[in-house]
S.K.: 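Structure in structure tokens, see below.
All residue numbers in this chain count up from 1 along the given sequence. For the numbers below, each heavy atom of this structure counts, side chains included, while hydrogens, waters and symmetry mates do not.
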Amino acid sequence: DYSHVYLVYCDGASFSGNRDSPSIVKGEKLYYRGHRILKGILNTLLQNYGLASAEKVLIGGCSAGGLSTYLHADYIHSLLPSTTTVKAAPDSGFFLLSPNIQGDNIYPSQMKTVFTFQNCTHGVNADCITSKHGDTEQYWRCIFAEETYPYVKTPIMPL
């Protein structure tokens, strides 16, 4: 007997954004609050759907969901009772922090912009942020699985 929850995101930062003010695009307000949404979903699941009494929890996702698994496994684990067995199994999500074949750092540059614009510092793995020793210019790197993976405490099996 088991239950499952499928979370769909659309913020481009794998539930890591926490920007207070909206961005205005063509007269419309856009909010980048993926981490607040994740917190709200988890609180609802804990309070209303029995997650607080789960004996075993497996966190997983594919592609950006895999990245989200790396970024949030410890956060999710921290919300559950200490008696709950929690494991993570990201399917992909390891987007490389490296230049393209022309030697340009296009994707890393884009992700740095996403991280900064969406205010993701408190929406990624806290131990990864701590590992940067207060060098705020390096915090953005924690949105990459290869930077976060060494700090994930939740048992994790990358697929």
S.K.: Please tell me if the side chains of Ser23 and Phe117 come closer than 4.5 Å, counting only heavy atoms from C-beta onward.
M.R.: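 Ser23 vs Phe117: side chains touch.
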
S.K.: Would you say Val57 ends up clustered with Leu45 if hydrophobic residues are merged whenever their side chains have heavy atoms under 4.5 Å apart, either directly or through other cluster members?
M.R.: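 Yes: a chain of side-chain contacts under 4.5 Å links Leu45 to Val57.
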
S.K.: Can you name the nearest heavy-atom pair linking Ala54 to Thr84, along with the distance?
M.R.: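 Distance-wise, the nearest heavy atoms are O-OG1, 3.0 Å.
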
S.K.: Are Ile143 and Tyr139 grouped together when hydrophobic residues (ILVMFWY) are joined by side-chain heavy atoms under 4.5 angstrom apart?
M.R.: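 Yes, because Ile143 and Tyr139 connect within a single hydrophobic cluster, where side-chain heavy atoms sit under 4.5 Å apart.
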
S.K.: How far does CG of Leu79 sit from CG of Leu42, to the nearest 0.5 angstrom?
M.R.: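 Nearest 0.5 Å value for the CG-CG distance: 6.0 Å.
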
S.K.: Check whether any side-chain heavy atom of Lys87 lies under 4.5 Å from a side-chain heavy atom of Lys56, and answer yes or no.
M.R.: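 No. Closest side-chain heavy atoms not under 4.5 Å.
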
S.K.: Distance check, rounded to the nearest 0.5 Å: Arg141 atom CZ versus Lys112 atom NZ?
M.R.: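 Interatomic distance, Arg141 CZ to Lys112 NZ, rounded to 0.5 Å: 9.5 Å.
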
S.K.: NE2/His72 to OG/Ser16 distance, rounded to the nearest 0.5 angstrom?
M.R.: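 Here the rounded value is 3.5 Å.
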
S.K.: Determine whether Phe115 and Val124 satisfy the following criterion, side-chain contact (heavy atoms from CB on, under 4.5 Å), listing intermediate values before the conclusion.
M.R.: CA-CA 10 Å; Phe115 184 92; Val124 296; 4.1 Å; yes

S.K.: List the residues meeting side chain to side chain contact (heavy atoms under 4.5 Å, CB included) with Glu146, not counting sequence neighbours, and say none if there are none.
M.R.: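 Side chain to side chain contact (heavy atoms under 4.5 Å, CB included) check on Glu146 returns Phe94, Leu96, Leu97, Phe144.
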
S.K.: Which atoms form the tightest heavy-atom contact between Glu147 and Cys128, and what is the distance?
M.R.: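 Where Glu147 meets Cys128 most closely, the heavy atoms are O-SG, 3.6 Å.
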
S.K.: How far apart are the C-alpha atoms of Thr148 and Asp127, what are their side-chain angles, what is the distance that settles it, and do they pass the side-chain contact (heavy atoms from CB on, under 4.5 Å) test?
M.R.: CA-CA 8 Å; Thr148 294; Asp127 288 339; over 6 Å; no

S.K.: Which atom names give the shortest non-hydrogen contact between Ala73 and Val152, and what distance separates them?
M.R.: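 Closest heavy-atom pair between Ala73 and Val152: CB-CG1, 4.4 Å.
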
S.K.: Is any side-chain heavy atom of Ser63 closer than 4.5 Å to one of Phe95?
M.R.: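 Yes; the side chains approach each other to less than 4.5 Å.
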
S.K.: State which residues pass side chain to side chain contact (heavy atoms under 4.5 Å, CB included) with Ile106; sequence neighbours excluded, sorted by chain then number.
M.R.: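 Listed in chain order: Asn100, Asp104, Gln110.
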
S.K.: Would you say Arg33 and Lys39 make side-chain contact, with heavy atoms under 4.5 Å?
M.R.: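 Sidechains of Lys39 and Arg33: no contact.
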
S.K.: Which distance, rounded to the nearest 0.5 Å, do you find between the CG of Leu80 and the CG of Leu51?
M.R.: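 Separation between the atoms: 5.0 Å.
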
S.K.: With no hydrogens and no angle check, just 3.5 Å: does a side-chain donor-acceptor pair link Asn125 and Asp74?
M.R.: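 Asp74 and Asn125 do have a side-chain donor-acceptor pair below 3.5 Å.
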
S.K.: Considering non-hydrogen atoms only, spot the tightest contact between Asn105 and Ser98 and give its length.
M.R.: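 Closest approach of Asn105 to Ser98, heavy atoms only: OD1-C, 3.8 Å.
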
S.K.: Under the side-chain contact (heavy atoms from CB on, under 4.5 Å) rule, what do Arg36 and Asn18 come out as? Steps first, then yes or no, please.
M.R.: CA-CA 7 Å; Arg36 294 180 199 187; Asn18 193 28; 2.5 Å; yes

S.K.: Using every non-hydrogen atom in the two residues, find where Gly66 and Pro90 come nearest and quote the distance to one decimal.
M.R.: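 Taking every non-hydrogen atom into account, O-CB, 3.5 Å.
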
S.K.: Report the distance from atom CG of Asp11 to atom CG of Leu30, rounding to the nearest 0.5 Å.
M.R.: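 Between atom CG of Asp11 and atom CG of Leu30 there are 11.5 Å.
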
S.K.: Can you pull the ring-ring contact (aromatic ring centres under 6.0 Å, His included) pairs that have at least one residue in residues 44-67, sequence neighbours excluded?
M.R.: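 Counting only pairs at least two positions apart or across chains, no ring-ring contact (aromatic ring centres under 6.0 Å, His included) contact touches residues 44-67.
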
S.K.: Work out which heavy atom in Leu71 is nearest to a heavy atom in Ala13; give both atom names and the distance.
M.R.: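 Residues Leu71 and Ala13, closest heavy atoms: CD1-O, 4.4 Å.
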
S.K.: Side-chain contact test, heavy atoms from C-beta onward, threshold under 4.5 Å: evaluate it for Thr136 versus Thr121 and give yes or no.
M.R.: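 A side-chain contact under 4.5 Å is absent here.
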
S.K.: I'd like to check Ser131 versus Gln138 (side-chain heavy atoms, cut-off strictly below 4.5 Å). Are they in contact?
M.R.: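 Ser131 does not reach Gln138 side chain to side chain.
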
S.K.: If you link ILVMFWY side chains whenever their heavy atoms are less than 4.5 Å apart, which other residues fall into the same cluster as Met157? By chain and number, please.
M.R.: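 When side chains under 4.5 Å apart are linked, the cluster holding Met157 also contains Leu159.
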
S.K.: Check the hydrophobic clustering (I, L, V, M, F, W, Y; side-chain heavy atoms under 4.5 Å; chains of links allowed) and say if Ile129 and Tyr151 are grouped together.
M.R.: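 Not linked; separate clusters.
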
S.K.: Going through the checks in order, is the side-chain contact (heavy atoms from CB on, under 4.5 Å) test met by Ile156 and Thr154?
M.R.: CA-CA 6 Å; Ile156 191 167; Thr154 302; 5.8 Å; no

S.K.: Ser68 versus Tyr9: any side-chain heavy-atom pair under 4.5 Å?
M.R.: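 A side-chain contact under 4.5 Å is absent here.
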
S.K.: Under the side chain to side chain contact (heavy atoms under 4.5 Å, CB included) test, which residues partner Leu7, sequence neighbours left out?
M.R.: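 For Leu7 the side chain to side chain contact (heavy atoms under 4.5 Å, CB included) partners, ignoring immediate neighbours, are Val5, Phe15, Leu38, Ile41.
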
S.K.: Residues two or more places apart in sequence or in another chain: which of them pass disulfide (SG to SG under 2.5 Å) with Cys120?
M.R.: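 None.
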
S.K.: Are Tyr70 and Ser14 side-chain neighbours, meaning at least one heavy-atom pair lies under 4.5 Å?
M.R.: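 Side chain of Tyr70 against side chain of Ser14, heavy atoms only: no contact under 4.5 Å found.
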
